[in-house]
Amino acid sequence: MFDLVEVVEGRCQLRQALIKDKRFGDCLSILPAAQTRDKDAVTPEQFSSVVAQAAEQCDFVLVDCPAGIEGGFRNAIAGVGEAIVVTTPEVSAIRDADRVIGKLVERALPIRLIINRLRPEMVRTQDMLSVDDVCEILSAELLGVIPDDEEIIDMTNRGEPIALNPSMRLATIYDKIARRLEGELVPFTSFDSPGFFGRLFGALKAG
Amino acid sequence: MHEPVAQPTTEVLAAPTAPRGRAIVVTSGKGGVGKTTTTANIGHALARRGATVALVDADIGLRNLDLVLGLEQRVRYHVLDVLEEKISLDDALVRDKHSPTLCLLAAAQAREKDDVDETKMKALIDQLRERFDYVIIDSPAGIEQGFKNAVIGASEAIVVCTPEVSAVRDVDRVIGLLGNAFRPQLIVNRLRPALVKKGKMLSVEDVNAILRLPLLGVIGDEPEIIITTNRGMPIALQDEGATAAAYRAIAARIAGEDVAAPTVEVKDSFMDRLGSFFGGRR
Amino acid sequence: MLEFFKNLFAPSTSSSTAKERLRLVLMTDHISLAPEMIEQLKRDLVEVISRYVEVDLQKIDVSFEQQDHALAMLANIPIISVGRPTAEPPKPLETPSAAAPTAAMKSGGDVTPLPKRKRRRRASTAQASV
């Protein structure tokens, strides 16, 4: 098994290092990061060229950026054409997201926002910032909202992607995000409307 | 891999004999696990015990400790101003509104982590240790320069981990980097006991079977933490409630008291009862 | 119902407090991240004030401070001399680029609220260039 650094150092071809996820046929491949090396082992230029190579073979190249705004961040954004900023509706996450958005905007990268770990019940009781609040504070376009759901923890423990299992409650949400990335106009699931809470409490009673 | 660490003893936890304060770094490798919230609450809990505490935000460029403490309006100067001798340490320290023995040294927001001189950082932490019983350093996520800056002056470490596989992996890496010199102790954060009960979340035992560290405390995933952070009033300031009590127990253990092993009450919180918002499946 | 009364008597909700705090802190962050803008602002301020009085260029200090619910700009501009009052005050600035600082001075004296959201403008210019 090869990793990103080995591709950069020319010790293997990109296609040798890409691990195909058989559950998705030939559609999804993963290029693992090196676990034993520094983030300085790769320069932004090298990173950028690997991303460009991958983009020749794939429709989408998703780069999972490390936390922070250090070397790992600079590498991750070097070769990309757009950015998805993931934040939670919490003050410190939003302040960090604002700083990151500033850095992305400096590079003229278009950005869209995913709000993660939203707790609709807390939004309703005004104990948590709403989706609109977060979008307004960050002046950013919304790509998706992911509620804080035990399914995610459970599935991550098992190493099973939610998107693979259409019966999962959150599968629809990830599907909608994917469709928006493909350019489709998909309406957002409302987490604020009474309709939603009606259903929510209906579900509670039923459960 | 790191060596397994022995069970906590009061000798290990107690302050060194020298009349100097203890410098403790709060770290995790993973982002978003609650390092800053933990730092703020431990700081308040220690100050409540009468100790003098300096909290240092080492997350240059992504500062947040000021916001979590509710001190963002009072910050005028930051740690780099002090390191670069533009301002005296006294002028840069912000005294807390609620705990008079608690002070904050804020991070610089418009600077880079590479701007920090590690030698000077260590000297600064030493200087703080002369004046405070506890110097608690809030480390940034990751294991790059920011992490190095945060640990350089510390002699002990608290690692914060959530019961998630990716967090455990990152924490394991950080423990390896720290080595035994820092005598790292573990706080398991954001535990949802009801989910553990259902077998959907790693338990504290599961997490520590991998990390094998002395357990300093367990904090539940309570909405109250978000609510209090929104207001800039750390939950440890409250007189009542399980979470505030948990932080106080952590502070007591840090101070070397032999308090009962931390547990988190298994109660179905509203969020857990809800399970989820879509299917209503349980 | 309980929620209703809680919100009615509470000074402000947790989420509205969070929003307000973030709004202020991000303004401060944006200012600290744009030192060139502050320098330009200083130059423009001096240019305008110098048309009326002679100021000490070496001792000008412009800073920003959070004051309860607003961010305030504090400008300390020592005046060296003031000319004898004349019948005709200096003409107002005419160039479009100089119009903005004049308006700001009139509206707020030495404590001038800042434009609410800098990012929005930055973002929109950047998006336009994409």
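Residue numbering restarts at 1 for every chain, and letters A, B, ... go by the order of the sequence lines. These figures come from a predicted structure and were not determined experimentally.
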ask   = If you count heavy-atom pairs under 4.5 Å with chain A, which of B:I227, B:L62, B:V165, B:L65 comes out on top?
value = B:L62
inquiry  = Holding to salt bridge (charged side-chain N to carboxylate O under 4.0 Å, His left out), I want the full list of residues that pass it with B:D115, two or more places apart in sequence or in another chain.
reply    = B:R111
query = Taking the side chain from A:R99 and the backbone from B:Q109, do they hold a donor-acceptor pair closer than 3.5 Å?
reply = yes
remark   = Ranked by heavy-atom pairs below 4.5 Å to chain A, first place among B:G146, B:S166, B:G142, B:G232 goes to B:G146
message = Strictly below 4.0 Å, N to O, side chains only: are A:R95 and B:E72 in salt-bridge contact?
response = no
task = Provide the closest heavy-atom pair for A:M128 versus B:I226 in the form atom of the first, atom of the second, distance.
result = CE-CD1, 3.7 Å
key: For A:R179, salt bridge (charged side-chain N to carboxylate O under 4.0 Å, His left out) partners two or more places apart   = A:D175, A:E184
ask   = chain A: which of B:E224, B:R63, B:K30 shares the most heavy-atom pairs with it under 4.5 Å?
value = B:R63
Contacting region of B:T36 [heavy-atom separation from chain A under 4.5 Å] = neither
task = Sort B:L202 into side chain, backbone, both or neither according to what part of it lies under 4.5 angstrom from a heavy atom of chain A.
result = both
remark   = Value for CD (A:Q126) from CG (B:N230), rounded to nearest 0.5 Å, stands at 11.5 Å
message = At a 4.5 Å cut-off on heavy atoms, which part of A:R158 comes close to chain B: side chain, backbone, both, or neither?
response = neither
task = Go through the steps to decide whether A:I153 and B:L195 satisfy the test side chain to side chain contact (heavy atoms under 4.5 Å, CB included), and finish with yes or no.
result = CA-CA 9 Å; A:I153 302 166; B:L195 283 192; 4.0 Å; yes
key: Under 4.5 Å from any heavy atom of chain A - which part of B:D66   = side chain
request  = For atom CE of A:M155, decide whether the heavy atoms of other residues, nucleotides or ligands shown that lie under 6.0 angstrom number more than 12.
outcome  = yes
ask   = Do we see a donor-acceptor contact under 3.5 Å between the side chains of B:N64 and A:D96?
value = yes
salt_bridge(A:D148, B:R190) N-O dist < 4.0 Å = no
message = I'd like to verify something: which residue of B:G32, B:G61, B:A141 has the highest number of heavy-atom pairs under 4.5 Å with chain A?
response = B:G61
inquiry  = If we define contacts as heavy-atom pairs under 4.5 Å, which of A:L129, A:T156, A:N157 has the most with chain B?
reply    = A:N157
query = chain B contacts: which residues in residues 65-72 of chain A have a non-hydrogen atom closer than 4.5 Å to it?
reply = A:A67, A:G68, A:I69, A:E70, A:G71, A:G72
query = Can A:E151 and B:K200 be counted as an ion pair, charged N to O under 4.0 angstrom?
reply = no
remark   = For residues 82-91 of chain A against chain B, heavy atoms under 4.5 Å, the residues are A:E90, A:V91
